[in-house]
2 protein chains.
Amino acid sequence: MTEDHFDDTPVQAERFSQTRTAQSQALLEDYTEMIDDLIRAHGEARITDIARLMGVTHPTATKAVARLKREGLAVSRPYRGVFLTELGSGMAERVRGRHRLVVDLLVAVGVPPEAAETDAEGIEHYVSDATLTAFAAFLTRQP
Amino acid sequence: MTEDHFDDTPVQAERFSQTRTAQSQALLEDYTEMIDDLIRAHGEARITDIARLMGVTHPTATKAVARLKREGLAVSRPYRGVFLTELGSGMAERVRGRHRLVVDLLVAVGVPPEAAETDAEGIEHYVSDATLTAFAAFLTRQP
DNA sequence: ACAGAAATGTAGCCTCGGCTACATATCCGT
DNA sequence: ACGGATATGTAGCCGAGGCTACATTTCTGT
Ligand SMILES: [Mn+2]
Ligand SMILES: [Mn+2]
Ligand SMILES: [Mn+2]
Ligand SMILES: [Mn+2]
C-alpha cells in the first residue's frame with residue numbers, strides 16, 4: 001500500500017520503451033542472420049528459401065527484404081538474390097555471436113539443447129552488451 | 001557448402017514461428033502484470049497510471065486494455081478502473097514468477113542488477129517451461 | 001527451343017500497436 | 001455547488017508484418 005508511486009515511473013517506462021525498441025529490431029536481425037547463413041551455404045539468398053526457413057509466405061519475406069533495403073542493410077535486383085551491405089553483414093555477424101553466446105549460456109546453466117535453441121531465437125534480441133559480457137565471463141570460468 | 005538444405009527447414013521455421021507467437025503474447029503479459037501491480041498497490045488500475053508506467057499515451061493503453069478484455073483477461077466499465085479476471089490474475093502471477101526467476105538467474109551468472117532488470121523485461125516472454133525449470137534448479141544449487 | 005514448373009513481383013486485405021486531436025465525463029478545491 | 005483540472009473515451013492516421021490471389025519472369029527438362 002505504498003503511496004510513493006511516482007519515483008520509479010521514468011525508470012520502469014524506460015525499460016518498457018527499450019524493450020519495444022529491441023522488438024522492432026528483432027525481425028531485421030533474424031532476416032540478416034538468415035540471409036547471411038544462406039549466402040554462406042549457397043552463395044546467394046533467394047526469397048523462396050528465406051521465406052521457407054522463416055516459416056512465412058514469400059510476399060511476407062519480400063516485404064521484410066524491402067524494409068532491409070530501405071534501412072540500408074541489404075541490396076537486390078528484381079528476380080535476383082538478396083545480398084547484404086557492409087552494414088547488414090556487420091549486423092549478421094553480431095547477431096550470430098549473440099545467438100551462440102545465449103545458447104551456450106543456457107546450456108551451461110542446464111537448459112536442454114533443443115529448448116535452448118528455440119528460446120535463444122527470442123532471447124537473443126533482448127540481451128544488452130553488459131549482459132553479453134557477463135555471459136562470456138561466466139562461460140570462461142565455468143567451461 | 002552443404003547441399004542438404006532441406007532437412008532442418010521445418011525445425012527452424014517452427015522455432016521462428018514459436019518466437020512470433022511469444023511476441024504476440026508479450027504485450028498482454030506486460031499489461032496484466034502491470035495492472036496486477038497497480039491493484040496490489042492502490043486497489044485499482046487506472047488508465048492514466050497504466051499508460052504512464054508503460055511509457056505510452058493513454059489511447060494506446062486504452063486499446064491494449066480493450067484487447068485484454070476481448071481475450072477475457074480483464075474487465076472494466078467506462079470511467080472506472082481496470083480489473084483482472086481469474087484468467088488475467090493467473091497470467092499475472094505466472095509472469096511475475098518468470099520475471100523474478102529470469103532476473104535472479106541473470107544476477108546469479110554475474111549480470112549487473114540494473115541491466116538484469118531491463119533485459120528481463122524482454123527475455124521473460126521467451127523462456128519456455130523447460131528453461132524455467134533449469135533456471136530454478138541452477139539457482140537452488142548455486143544460491 | 002519451348003512448354004510447364006518454379007520463383008518472384010505486386011495488389012490489396014487484415015490486425016496490432018503506436019500516435020495526435022478533440023469530445024466528454026469525473027474529481028476536487030474553494 | 002460549481003468551475004477548472006484531470007481522467008477517460010473516441011476518431012482517425014500511420015507503419016509493421018502477417019495473409020491470399022493473381023500476374024509476370026526465370027529456369028529447366030525434354
Ligand atoms: Mn531471433
Ligand atoms: Mn538467431
Ligand atoms: Mn516484459
Ligand atoms: Mn515483467
* Asked: Within the structure, does a side-chain N or O atom of A:R77 lie under 4.0 Å from either OP1 or OP2 of D:dT26?
  ->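 Answer no for this pair, as no side-chain N or O of A:R77 is under 4.0 Å from OP1 or OP2.
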
Rounded distance in Å - [atom1] ([X]) to [atom2] ([N]):
X	N	atom1	atom2	value
A:L28	D:dA16	CG	P	10 Å
A:K69	C:dT8	NZ	P	13 Å
A:H125	D:dG17	NE2	P	12 Å
B:M54	C:dC16	CE	C1'	14 Å
A:I47	D:dC27	CD1	C1'	17 Å
B:R70	C:dC14	CZ	P	15 Å
B:F16	D:dG17	CZ	P	14 Å
A:Q25	D:dG15	CD	P	18 Å

* Asked: Which pairs count as side-chain hydrogen bond (donor to acceptor under 3.5 Å, both in side chains) when at least one residue sits in residues 131-143 of chain A, sequence neighbours excluded?
  ->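 Output for this query lists A:S128-A:T131, A:T131-B:D119.
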
* Asked: Please, which pairs that meet side-chain hydrogen bond (donor to acceptor under 3.5 Å, both in side chains) have at least one residue in residues 107-117 of chain B, sequence neighbours excluded?
  ->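 Residue pairs with at least one partner in residues 107-117 of chain B: A:R15-B:E114, B:H99-B:E117.
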
* Hydrophobic cluster partners of B:Y79 (side-chain heavy atoms under 4.5 Å) ->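 Taking Ile, Leu, Val, Met, Phe, Trp and Tyr as members, B:Y79 stands alone, with no cluster partners.
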
* Decide salt bridge (Lys or Arg N to Asp or Glu O under 4.0 Å) for B:R40 and B:D36; before the verdict, give the C-alpha distance in whole Å, the side-chain angles of both, and the deciding distance to 0.1 Å. => CA-CA 6 Å; B:R40 285 171 189 233; B:D36 195 57; 2.9 Å; yes

* Structure fact -> Encoded 5' to 3' (Watson-Crick or G-U under 3.5 Å; [ ] crossing; | other strand), DNA chain C becomes ||||||||||||||||||||||||||||||

* Asked: What does nucleotides 18-27 of chain C look like as a protein-contact string, B for base, S for sugar-phosphate only, - for none, at under 4.0 angstrom between heavy atoms?
  -> BBBB--BSSS

* Asked: Is a side-chain donor or acceptor of B:R20 paired with a backbone partner of A:G55 at a separation under 3.5 angstrom?
  ->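 The answer is yes, because a donor-acceptor pair under 3.5 Å joins these two groups.
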
* Apply salt bridge (Lys or Arg N to Asp or Glu O under 4.0 Å) to B:E44 and list each qualifying residue two or more places apart in sequence or on a separate chain. =>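 Not a single residue meets the salt bridge (Lys or Arg N to Asp or Glu O under 4.0 Å) criterion with B:E44.
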
Exercise answer: donor-acceptor pairs, residues 83-92 of chain B side-chain atoms, under 3.5 Å, sequence neighbours excluded:
| residue | atom | partner | partner atom | Å |
| --- | --- | --- | --- | --- |
| B:T85 | OG1 | B:G72 | O | 2.7 |
| B:T85 | OG1 | B:L73 | O | 3.2 |
| B:T85 | OG1 | B:L87 | N | 3.3 |
| B:T85 | OG1 | B:G88 | N | 3.1 |
| B:S89 | OG | B:T85 | O | 3.2 |

* To do: List in chain and number order the residues that pass ring-ring contact (aromatic ring centres under 6.0 Å, His included) with B:Y31, two or more places apart in sequence or in another chain; answer none if no residue qualifies.
  =>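 For B:Y31 there are no ring-ring contact (aromatic ring centres under 6.0 Å, His included) partners, ignoring immediate neighbours.
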
* To do: Hey, could you give me each pair passing ring pair (Phe, Tyr, Trp, His ring centres under 6.0 Å) that has a residue in residues 117-136 of chain B? Not counting sequence neighbours.
  =>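 Output for this query lists A:Y126-B:Y126.
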
